[in-house]
Amino acid sequence: MSMSTPGPERVPSTVKVGKTTGQGKPPVGKPGPNRPNAGKKGRKPVTPVKVSGGRNWGPIAVAGVVVLLAVGIIGYGVFASVQGSRDWTDKLADIQGVVNYRAQKNATLDDRTHKDGALTYVTSPPVGGAHNPTWQNCMGDVYTEPIANEHAVHSLEHGAVWVTYKQGLAADQVAVLQKKVEGKDYMLMSPYAGLDKNVSVQVWGYQYKTDDVNDKAIDDFISAARLKASMEPGAACSSGNTTTGPVTAATSNGASMDSATTGSTSGN
C-alpha cells in the first residue's frame, strides 16, 4: 500500500489576520469594517465630560461687587467734583432756614464804615453794618460772657463765623457748640442776651437760627461760609479784642481797641 500525497483539500488554508491581541481579535479601539468610524485612522473614543448641574456663582458675585465699588467710587468722585465747584452761596441756599440778608440790599446792613462807640443794628444778633475799628479775636475763641456787637461784626467782615447761644443754655448743650468752635481759625462763640432761639450762627450777610445744638445745618453753614463770606479776603482774625462786655468809650484816633466794662477773656 503506497502513501498518497495529500490533495489540495487537505492543505490547511492560511487565514491572514491583522495584529491581534493574542485572542484573534483586532485591538480594541481600531474600527472594524462595519463600525461607524471605519476608515478613520487615529480616532480615539471621546470620554464624556461631566457638566455640573449648578452654576458657580462665587466668581460672578466677586466680579459684581468689584464693578459696584468701581461705579460707586467714580460716581462719588463726580459728585464731589461738582459739589466742590459750586459757589458757597449756593451751598448756603440749600440749607433750609438760612436768611440771606445780602439779597435785601439794605444800605444799613451793607455799611462797612468804622465807627466808635455803641451802635444800633438791624438784626439780632447783627450780620453786618458799621462796626468798631477793632475786631473781636476770632481764632477759635470761646467767650463765656456776651461780647460787643461792634467788635463781633468787624470779625464777620474778616470772614469769621460767629456762633451765639441763648444766655442760660444748659452746660452740656453749650459744650456741643464749643467743640465746633474751640481752636478753629476764623471762629468765635459767645452767649447772647435775648436770643429768640437757642442757637444763632452768622457770617457777614447770612444767618441761621435753630433750637437744636445738634442740628446738622449748623455744621453745613460753618463748612460753606467760614472764610468764604469774608468782605476782606486775607484779613486777620488774630490780634483782636479779647475782652467781653459792651464798648464804653471811643479812643482819640478811632483806631485802637476800645475798653470794656468787664475784663473776662476768651477760652484760648
Side-chain angles (χ1 to χ4, degrees), residues 92 95 97-102 109 118-132 134-231 237 240-247 258 260-262 264-268:
L92 284 184
I95 303 173
V98 168
V99 181
N100 178 2
Y101 286 102
R102 295 190 186 192
L109 282 172
L119 302 171
T120 301
Y121 290 96
V122 175
T123 67
S124 181
V127 297
H131 48 269
N132 193 272
T134 302
W135 58 90
Q136 192 75 14
N137 211 68
C138 42
M139 297 294 288
D141 296 80
V142 175
Y143 300 94
T144 57
E145 298 293 335
I147 60 177
N149 287 334
E150 294 82 1
H151 293 308
V153 171
H154 196 158
S155 300
L156 301 184
E157 185 183 37
H158 285 194
V161 178
W162 182 21
V163 177
T164 58
Y165 58 92
K166 184 181 293 184
Q167 261 186 311
L169 188 66
D172 60 334
Q173 295 186 57
V174 174
V176 171
L177 297 174
Q178 184 170 335
K179 288 181 180 179
K180 302 177 188 297
V181 175
E182 193 168 30
K184 297 179 176 65
D185 296 354
Y186 291 88
M187 296 280 296
L188 72 161
M189 169 179 161
S190 67
Y192 198 88
L195 192 59
D196 57 343
K197 293 283 187 178
N198 284 340
V199 184
S200 179
V201 288
Q202 39 274 318
V203 291
W204 186 279
Y206 289 89
Q207 189 172 67
Y208 178 73
K209 292 183 177 182
T210 179
D211 279 322
D212 182 8
V213 296
N214 293 300
D215 189 342
K216 183 180 179 294
I218 296 174
D219 298 324
D220 293 340
F221 185 98
I222 293 170
S223 176
R226 176 177 162 272
L227 276 172
K228 301 287 196 313
S230 176
M231 303 301 288
C237 244
N241 180 53
T242 56
T243 60
T244 59
V247 293
D258 284 355
T261 56
T262 61
S264 301
T265 57
S266 71
N268 279 8

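Quick caveat, the model's predicted, so the values are computed rather than measured.
- Contact between Tyr121 and Gly128 at its shortest, heavy atoms only, is CD2-O, 3.4 Å.
- For the side-chain contact (heavy atoms from CB on, under 4.5 Å) criterion with Val176, the lone passing option out of Lys180, Gln173, Lys179, Gln178 is Lys180.
- In this structure a side-chain-to-backbone donor-acceptor pair under 3.5 Å is missing from Arg226 to Val203.
- Put simply, the side chain of Tyr143 does not reach to within 4.5 Å of the side chain of Val181, judged on heavy atoms.
- Between Val174 and Leu169, the shortest heavy-atom contact is CG2-O, 3.6 Å.
- When all heavy atoms of Leu195 and Ser124 are compared, the closest pair comes out as CD1-O, 4.5 Å.
- Remark: Lys209 NZ to Phe221 CZ distance equals 12.0 Å, nearest 0.5 Å.
- Asp141 places a side-chain N or O within 3.5 Å of a backbone atom of Met139 that can act as its donor or acceptor partner.
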Test side chain to side chain contact (heavy atoms under 4.5 Å, CB included) applied to Leu188 and Ile147, step by step:
CA-CA 10 Å; Leu188 72 161; Ile147 60 177; 3.7 Å; yes
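- Atom-to-atom distance recorded for Leu227:CG and Ile222:CD1 is 12.5 Å, nearest 0.5 angstrom.
- Across all non-hydrogen atoms, the minimal contact from Ala225 to Leu92 is CB-CD1, 4.0 Å.
- For Ala118 against Glu150, the heavy-atom pair with the smallest separation is CA-OE2, 3.4 Å.
- The OG1 atom of Thr123 lies 6.0 Å from the CG atom of Leu109; values are rounded to the nearest 0.5 Å.
- Not one N or O on the side chain of Gln167 forms a donor-acceptor pair closer than 3.5 Å with the backbone of Pro146.
- Residues meeting the side chain to side chain donor-acceptor pair (under 3.5 Å) test with Asp220, sequence neighbours left out: Lys216.
- Going from atom CD1 of Ile218 over to atom OG of Ser223 covers 13.5 Å, rounded to the nearest 0.5 Å.
- In this structure, Asp211 contributes its side chain and Asn198 its backbone to a donor-acceptor pair below 3.5 Å.
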Step by step, work out the side chain to side chain contact (heavy atoms under 4.5 Å, CB included) result for Val199 and Asp215.
CA-CA 10 Å; Val199 184; Asp215 189 342; over 6 Å; no
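- Residues in residues 137-208 take part in these disulfide (SG to SG under 2.5 Å) pairs, two or more places apart or across chains: Cys138-Cys237.
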Side-chain polar contacts of residues 152-166 - donor-acceptor pairs under 3.5 angstrom, sequence neighbours left out - could you list them?
from	atom 1	to	atom 2	distance (Å)
His154	ND1	Asn132	O	2.7
His154	ND1	Pro133	O	3.1
His154	NE2	His158	NE2	3.1
Ser155	OG	Gln136	N	3.0
Ser155	OG	Gln136	O	2.6
Ser155	OG	His151	O	3.4
Glu157	OE1	His131	NE2	2.7
Glu157	OE2	Arg112	NE	2.9
Glu157	OE2	Arg112	NH2	3.4
His158	ND1	Ala236	O	2.5
His158	NE2	Glu232	OE1	3.2
Trp162	NE1	Ser190	OG	3.0
Thr164	OG1	Ser200	O	2.8
Thr164	OG1	Gln202	NE2	3.2

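- Taking each heavy atom of Gly129 and Trp204 in turn, the nearest pair found is N-CH2, 3.3 Å.
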